[in-house]
Amino acid sequence: MTSMKETRKPHAVRPPGGGFLESIKVLDVTYYLPGPYSSYRLAEMGADVTKVEPPGGEPARRLAGGLIHEKKNAGKTIVELDLKSEEGRARMKELVRETDVLIESFRPGTLERLGFGEDELFSLNAGLIYCSMTGYGLEGEFAKAGSHDLNYLALSGVLSQLTDESGRPVQPKNTLADFAGGHFVAEAVLAALVRKMKTGEGARLDVSITDGLTHWQSVHKAFEEAGLSDRGVPDLDGSRARYAIYPTADGRYVALGALEDKFWHAFCDFAGHPEWKERDDVHEDVARYFRAEPLSHWSDVSLRTDFCLTPVLRPGELDEHPHWKKR
Ligand SMILES: CC(C)(COP(=O)(O)OP(=O)(O)OC[C@H]1O[C@@H](n2cnc3c(N)ncnc32)[C@H](O)[C@@H]1OP(=O)(O)O)[C@@H](O)C(=O)NCCC(=O)NCCSC(=O)C(=O)O
């Protein structure tokens, strides 16, 4: 008998889940950003992704100089198939038989018109995990309507919170809903894969981007219904000086997220203004303080202090920042 206790620690993998989906096959019949991004996430976890596109490629191949397509389909095998031809459909049937997961992102009914309705797909592959990613879901008032990122943000309530001081919605420079949609799909597919491991059963998944976004709104909805705030979570809406965005001397910005007293007090001491500690309305004083130095200065400060300060970086600056150099 040994008195030694053996413990096995799981090792950290980067990206999280990297390689875990090895040997899982994904058939990606999606266009634009959210669908391709969902299978890109699965590919990052090791899945073997085959993307079906019409002859000449999907619309996003040409969009924005082709960069979106290039980035979100890296590592996938792209097969051009005319699903309106017998030959194309025959090849598609082979791919459906071989795959574990099929993700599509057309309007409800489009894939069926191309000869691949739900019954046909499950008769080809009974254990299939078949995921439809749509803007609004397979059923409902808007189900058949075409739509894009901005529509999902608007209908879910998210856009009403991305406003300027006057309450006017601002045009986001990031297609938040599209990327979120990709995550909603990947999350649902992973749950279905776990269930399949336990039961052997396939699944039919109805993932609506807008449905997913409404979950982000549950807290905000509760505040609004309780009559407490129509501007989001009160402490986090910029009304307190400790949790706000401030301009710097060079026209850039910092984000101060000193929500808890210990962080806010540490910031006030660092700034040499202990008299701010008990106040929430010192935005202008704090703004003057940050405006005295450029972003590089505050970026340095943020690395050697602990009061939830970060520079507002542009995507192209990430690689130069010490945090991202190490991650
Ligand atoms: C993006 C869309 C608005 C595009 O609308 P439409 O092009 O009008 O309709 P569909 O997508 O349903 O149909 C695509 C057409 O291509 C045909 N089609 C598709 N694949 C094939 C192949 N392989 N071979 C032959 N024909 C094909 C299909 O039969 C349809 O033609 P016909 O048979 O002649 O009808 C819609 O797909 C949509 O709302 N999808 C919901 C989810 C989504 O991805 N939203 C976009 C987010 S991107 C975004 O927001 C952003 O980037 O911005």
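Every number for a ligand or one of its atoms is a count from 1 in the order of the listing. Only this structure's heavy atoms are used, side chains among them; waters, hydrogens and symmetry mates stay out. It should be emphasised that the depicted structure is a prediction, and the values quoted were computed from it without experimental measurement.
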*Asks:* Using a strict threshold of under 4.0 Å (side-chain N to carboxylate O), is an ion pair present between Glu70 and Arg61?
*Replies:* no
*Asks:* Is the closest heavy-atom distance from Tyr152 to ligand 1 below 4.0 Å?
*Replies:* yes
*Asks:* Indicate, as side chain, backbone, both or neither, the part of Leu83 found under 4.0 angstrom from ligand 1 when only non-hydrogen atoms are considered.
*Replies:* both
*Asks:* Flag the pair Glu317 and Arg252 as a salt bridge only when some basic side-chain nitrogen lies within less than 4.0 angstrom of an acidic carboxylate oxygen.
*Replies:*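 Salt bridge flag = yes for Arg252 with Glu317.
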*Asks:* Salt bridge or not for Arg91 and Glu94, using N-O below 4.0 Å?
*Replies:* yes
*Asks:* Measure from atom 19 (C) of ligand 1 to the protein's non-hydrogen atoms and state whether any distance is below 4.0 Å.
*Replies:*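 Flag for atom 19 (C) of ligand 1 set to true, protein heavy atom closer than 4.0 Å.
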*Asks:* Near Asp149, which atoms of ligand 1 are under 4.0 Å from a heavy atom of that residue?
*Replies:*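 Those atoms are 49 (C), 50 (O).
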*Asks:* For Met133, is the nearest heavy atom under 4.0 Å from an atom of ligand 1?
*Replies:* yes
*Asks:* What is the nearest protein non-hydrogen atom to atom 11 (O) of ligand 1, stated with its residue, atom name and distance?
*Replies:*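 Here the nearest protein heavy atom works out to Phe106 CD2, 3.3 Å.
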*Asks:* Only heavy atoms count here, so choose which of Ala143, Ser105, Gly135 is nearest to atom 38 (C) of ligand 1.
*Replies:*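 It is Ser105 that holds the nearest heavy atom.
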*Asks:* Report the part of Arg113 in contact with ligand 1, treating N, CA, C, O as backbone and CB onward as side chain, heavy atoms under 4.0 Å; options are side chain, backbone, both, neither.
*Replies:* side chain
*Asks:* Would a 4.5 Å heavy-atom cut-off, applied to side chains only, mark Leu102 and Met92 as touching?
*Replies:*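 The answer is yes, as the side chains (C-beta and beyond) meet within the 4.5 Å cut-off.
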*Asks:* Should one rank Thr210, Thr110, Leu63, Leu153 by closest heavy-atom distance to atom 30 (C) of ligand 1, which comes out on top?
*Replies:* Thr110
*Asks:* Decide whether an N or O pair under 3.5 Å exists between His148 and ligand 1.
*Replies:*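 N/O-N/O distance under 3.5 Å: yes.
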*Asks:* Between side-chain atoms of residues 320-327 and protein atoms elsewhere (two or more places apart, or another chain), which donor-acceptor pairs fall under 3.5 Å?
*Replies:*
residue, atom, partner, partner atom, Å
His321, ND1, His323, N, 3.0

*Asks:* Taking Pro36's backbone N and O only, do any of them form a donor-acceptor pair with Asp28's side chain (distance below 3.5 Å, no angle check)?
*Replies:* no
*Asks:* Show every salt bridge (Lys or Arg N to Asp or Glu O under 4.0 Å) that has at least one partner inside residues 257-275, sequence neighbours left out.
*Replies:*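 Qualifying pairs: Arg242-Asp261, Asp269-Lys277.
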*Asks:* Can you name the atoms of ligand 1, numbered from 1 with element, that are less than 4.0 Å from a heavy atom of Tyr32?
*Replies:*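 Counting from 1, the qualifying ligand atoms are 1 (C), 48 (S).
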*Asks:* Mind checking whether Pro34 contacts ligand 1 via backbone (N, CA, C, O), side chain (CB onward), both or neither, at a 4.0 Å heavy-atom cut-off?
*Replies:*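 Side chain only; the backbone of Pro34 stays clear of ligand 1.
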*Asks:* Just need the protein heavy atom nearest to atom 31 (O) of ligand 1, so name the residue and atom and give the distance.
*Replies:* Lys84 NZ, 3.8 Å
*Asks:* Which atoms from ligand 1 have a heavy atom of Leu114 less than 4.0 Å away?
*Replies:* 29 (O)
*Asks:* Using a strict threshold of under 4.0 Å (side-chain N to carboxylate O), is an ion pair present between Arg291 and Glu284?
*Replies:*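 No, Glu284 and Arg291 are not salt-bridged.
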*Asks:* Just going by heavy-atom distances, which of Val207, Asp178, Leu81, Asp82 is nearest to atom 52 (O) of ligand 1?
*Replies:* Asp178
*Asks:* Please identify which atoms of ligand 1 are closer than 4.0 Å to at least one heavy atom of Ser147.
*Replies:* 3 (C), 39 (O), 45 (N), 46 (C)
*Asks:* Strictly under 6.0 Å, is that where the ring centroids of Phe290 and Tyr246 end up?
*Replies:*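 Yes, the ring centres sit under 6.0 Å apart.
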*Asks:* Taking the basic N atoms (NZ, or NE/NH1/NH2) and the acidic carboxylate oxygens, is any pair closer than 4.0 Å for Glu201 and Lys196?
*Replies:* no
*Asks:* Against heavy atoms of Gly146, which atoms of ligand 1 measure under 4.0 Å?
*Replies:*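 So the atoms of ligand 1 that pass are 3 (C), 39 (O).
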*Asks:* So which protein heavy atom does atom 8 (O) of ligand 1 come closest to, and at what separation?
*Replies:* Arg107 NH2, 2.7 Å
*Asks:* Can we say Lys221 and Glu224 salt-bridge, meaning some charged N sits less than 4.0 Å from an Asp/Glu carboxylate O?
*Replies:* no
*Asks:* Got a protein heavy atom sitting under 4.0 Å from atom 1 (C) of ligand 1?
*Replies:*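 At least one protein heavy atom is under 4.0 Å away.
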*Asks:* Under 6.0 Å between ring centres, would you say that holds for His265 and Phe307?
*Replies:*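 Not close enough - the centres of the two rings lie 6.0 Å or further apart.
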*Asks:* Among all the protein's non-hydrogen atoms, which is closest to atom 17 (C) of ligand 1, and how far away is it?
*Replies:*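 The closest heavy atom on the protein side is Tyr31 OH, 4.2 Å.
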